[in-house]
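Read through the structure below, which is laid out as structure tokens, and then see the notes.
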Amino acid sequence: MAYFFSNYHCFLRSVFIVFFFLVSAVARADVPRYGGSLILSSTSDPKSFNDITAQETSTHTVTGNIFEGLTRLNAITLKVEPALAQSWEVSEDGRAWTFHLRPKVVWNDGLPFSADDVVFTFNDLIYNEDIVSSARDIFKIGDEIFKVEKVDDLTVRFTLPVKFAPFLQSMSQSILPKHKLAKAVAEKKFNFTWGIDTPPAEIVGTGPFKLESYRPGERFVLVRNPLYWKKSANGDALPYLDRIIYLIVQNQDTAMLKFLDGEVDLISLRGFEYPMIKPLEAKKNFTVYDSGPDFGSSFFVFNQNTSRNPKTQKPFVDPVKSKWFLDINFRRAIAHAIDKTKMIEILMNGLGYPQNSDMSESAGFFYNPNVEIYEYDLSKAKRILSDAGYRDRDGDGVIEDSSGHPIEFNLFTNSGNVERVQIASIIRHDLQSLGMKVNFLSLEFNTLVTKLNATFDWDAIVLGLTGGIEPHFGKNVWHSTGGLHLWYPQQKTPATAWEKRVDEIFDQGVQELDENKRKTLYDEFQVIISRQLPLIYTVLNSNLYAVRNKFGNLHPTSFGGAFHNIEEIYIK
Amino acid sequence: MNKSALGLSQWERALTQFCANRFAVVCLIILALIHGAAIFADFLAPYSFSNEDRTFSYAPPSKIHFIDENGQWRAPFIYGRKITFDQYHKREYLDQVEQKYSLRFFVKGDAYKILWMVPCSWHLFGVKEGGRIYLCGADSRGRDLFSRLLHGARISLSIGIVGVLISFSIGLLVGGIAGYYGGKVDDILMRVCEMFMLFPGFYLLLALRAVVPASFTSVQVYVSIIIILSFIGWASLARVIRGMCLSLKEREYVLAAKTMGLSDLTIIIRHILPHTLSYSLIAVMLSIPGYILAESSLSLIGLGIQDPYASWGNLLSEAMGIVKIKFAPWILLPGFFILVTVMCFNIVGDALRDALDPKSS
């Protein structure tokens with residue numbers, strides 16, 4: 001749940017968060033039926049079926065249907081609901097949480113699910129230093145871990161070192177079977193367990209579906225788990241669907257053609273594809289849903305790293321450039337040079353939103369609309385620059401700083417993402433007209449990530465991050481010690497006063513259990529970011545889906561996508 | 001050179017034979033036109049390659065009118081256009097009848113330098129400020145595709161020609177030395193050649209591109225692409241030249257040159273390599289397309305020439321995607337230009353081979 005770099009427009013949201021049943025949905029005339037398959041497409045192969053070690057969305061697409069956590073997030077109300085735990089209570093001091101597990105839940109191989117599995121997942125997998133896991137950071141506060149203990153077969157107690165506000169949300173962490181994995185952990189082989197060559201029957205979960213087959217580069221098939229614990233409001237054993245088939249396709253275009261041919265039941269659309277797909281709605285019998293602004297972010301960032309390379313003792317960033325990048329007026333001028341309106345028109349055919357804050361509008365509660373907004377105004381940008389001492393002193397068309405250095409820097413983005421390349425090119429063109437010399441280069445995604453978190457040899461980058469509804473899960477970005485604190489990662493002590501304040505907000509916010517007080521804190525954080533502009537935001541896509549008109553119980557949301565309630569979906 | 005029975009030199013005869021191939025001559029003329037257009041791109045194109053107007057995103061080609069809305073004849077003009085999005089968010093450009101921009105010749109526009117030297121701002125044609133003329137339509141950011149095609153031709157064609165010249169100089173020299181000296185030198189040089197030929201070209205290209213420092217400016221990237229392409233291309237020529245040298249060095253005139261005490265390098269360059277000229281000329285013609293295509297594919301995948309600079313490959317990269325081709329089919333034009341140029345080079349090369357081959361009638 002920590003933030004990741006987002007490389008491509010996610011075709012399916014990384015984790016399917018399935019929601020507890022919605023009574024109103026069943027009150028309709030349609031009677032749900034069993035059977036049938038849902039056919040989806042995926043543009044990449046899963047790299048493994050190991051939910052703990054996997055970092056890529058293609059794996060979570062599969063495992064999200066196979067495993068479940070103690071809680072889950074309702075994708076419509078964005079509230080936490082019971083899943084494998086049916087109830088819980090918290091102690092007075094807010095640190096000891098006791099979960100009562102749902103009785104009679106079985107793994108899909110028939111063995112009972114119990115508190116041992118929960119304890120195993122945390123103590124032996126997540127907190128196991130031998131295992132590569134991105135989940136560990138979330139379940140750690142400072143250096144302290146949660147104490148996880150079994151009370152009885154159906155009761156687990158978590159004791160936290162301090163209060164942890166997003167605790168219930170974080171409990172949507174998938175629980176894995178002890179009886180299948182204990183041996184691999186004991187032999188220190190867990191990192192390589194459940195690779196893509198594992199026989200499907202070995203992948204055992206409690207979720208609504210289980211893996212039936214996987215053919216690399218071709219398809220993977222999930223089949224209904226007949227032992228699934230959940231019942232619908234009128235007592236039907238869920239899920240309704242027999243199978244979910246993922247076709248692995250080369251790219252979004254292939255997926256779109258397959259959708260138009262009726263081979264695939266859903267595609268997520270990008271704004272510019274809308275005029276091609278939307279007119280075919282009636283003829284091809286599907287519906288296009290627009291569930292509002294996407295999660296995640298897209299931004300322009302300057303390297304504000306002032307530290308030195310420990311080997312060569314040279315600063316990572318040329319001190320001359322560093323001076324500009326650290327200058328808030330310089331960044332403010334650039335924020336005024338982001339032509340968001342035209343970006344939305346050009347890249348998304350008008351189906352997008354300007355982004356001003358880290359939290360997406362779709363995030364709801366924690367979204368703060370009252371942040372500093374920078375309208376596109378090149379003459380204002382020019383004025384800010386010249387007031388701050390950046391002007392063309394020698395008449396060569398390039399502006400210089402107060403000590404006479406011409407403003408020239410490199411701008412990178414990743415070459416695979418056409419949209420991002422376009423955003424970067426538009427920004428570059430406007431900066432050029434402000435008199436800056438910007439060398440634009442698109443790099444391969446992994447090269448770019450290496451620059452960001454290892455070699456730090458970059459000036460400015462256009463990039464995106466995934467996002468969610470809980471601000472604390474962005475801690476690795478916003479806390480000055482964070483590994484994804486892009487502009488100056490892993491600081492020992494905060495470099496600026498405002499970064500110090502943001503650190504305080506994150507440290508306080510996580511311990512504040514009163515939702516409204518938390519909101520005040522995170523609102524302040526969003527305002528600070530919009531004033532200090534470590535990330536200069538650009539535009540967000542609309543979340544668009546085209547779904548064939550044959551599914552019942554369909555309630556697409558921006559957070560969960562079209563099939564977040566996969567176990568309730570049926571074919572009419 | 002031997003005089004033939006008809007009293008014509010080998011070159012004169014070849015020229016006659018080449019001219020007899022009408023198709024090849026047409027291709028040669030097309031190539032000359034495209035290269036000429038590339039050289040004078042600044043003047044012929046109404047806009048510079050980076051002149052953008054975002055209100056004309058994917059504007060279709062301008063229609064040039066001679067009759068106005070009242071049915072009256074007048075000098076050629078275009079209507080101003082305004083973008084709207086229809087109910088399906090599709091772009092629609094509506095002609096604004098009250099805005100007319102007459103097509104004018106020899107107009108002032110974006111500044112440039114004639115042949116990179118003389119500053120100038122005259123363009124062959126254009127419309128007055130406020131209007132935009134798009135002969136071949138606009139790209140996503142409202143840049144004129146026609147202007148970008150001409151400017152792109154500069155990069156794509158020059159990469160072909162300069163790349164070929166560099167790699168052939170290397171190939172000729174290495175092949176000449178290997179063939180002339182023979183023995184160990186030959187062995188070593190030929191094994192090196194084989195190493196280059198061993199790797200699949202495109203992957204070697206990608207690998208070499210990856211070592212180019214990211215901080216390079218566009219001009220440096222352009223130069224490094226030329227160098228990389230030449231680096232890959234020289235080996236096969238070197239092998240053929242070496243084979244020819246092996247036989248040429250046994251000729252009497254080489255022996256004569258040796259006895260006269262000329263240095264080895266002079267013998268290779270002055271007396272041996274000129275005899276491989278007809279072969280090299282054909283090989284040059286036939287390998288230019290390879291360079292143009294290699295640059296295009298590199299730029300197509302986003303690793304070659306970077307925006308805002310235009311090359312046919314990076315112009316074509318805009319056309320990746322069904323939706324874009326459907327709504328703005330004109331963005332495929334760079335592909336057409338690549339096709340025509342590559343075809344012309346091949347046909348001319350073939351015709352040259354027929355003309356220069358002494359065995360053909």
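What you see is a predicted model; the values in this text were computed from it and never measured. Per chain, numbering begins at 1; letters A, B, ... match sequence-line order.
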Is any side-chain heavy atom of [X] closer than 4.5 Å to a side-chain heavy atom of [Y]?
X	Y	result
B/Q306	A/S442	yes
B/K324	A/V418	yes
A/E273	B/I322	no
B/R141	A/I346	yes

For [X], does the [atom1] atom have more than 12 heavy-atom neighbours from other residues, nucleotides or ligands under 6.0 Å away?
X	atom1	result
B/F199	CZ	no
A/Q250	CD	no
B/F336	CZ	no

Do you know which two heavy atoms are closest between A/Y274 and B/Y88, and how far apart they sit? CD2-O, 3.4 Å
Where B/S50 and A/H429 come nearest, the two heavy atoms and their spacing: O-NE2, 3.1 Å
So, the part of B/E52 with a heavy atom under 4.5 Å from chain A: the answer is both
Checking heavy atoms, do the side chain of B/T55, its backbone, both or neither come under 4.5 Å from chain A? both
Would you tell me whether B/S57 and A/E345 have side-chain atoms, one donor and one acceptor, within less than 3.5 Å of each other? no
Distance in Å, B/H89 NE2 paired with A/K278 NZ, rounded so as to fall on 0.5 Å steps: 9.0 Å
In Å and rounded to the nearest 0.5 Å, what is the OH to CZ distance from B/Y58 to A/F272? 8.0 Å
Tell me, for A/I426 versus chain B, whether the close heavy atoms (under 4.5 Å) come from the side chain, the backbone, both or neither. both
Bottom line for A/M256: the part with an atom under 4.5 Å from chain B's heavy atoms is side chain
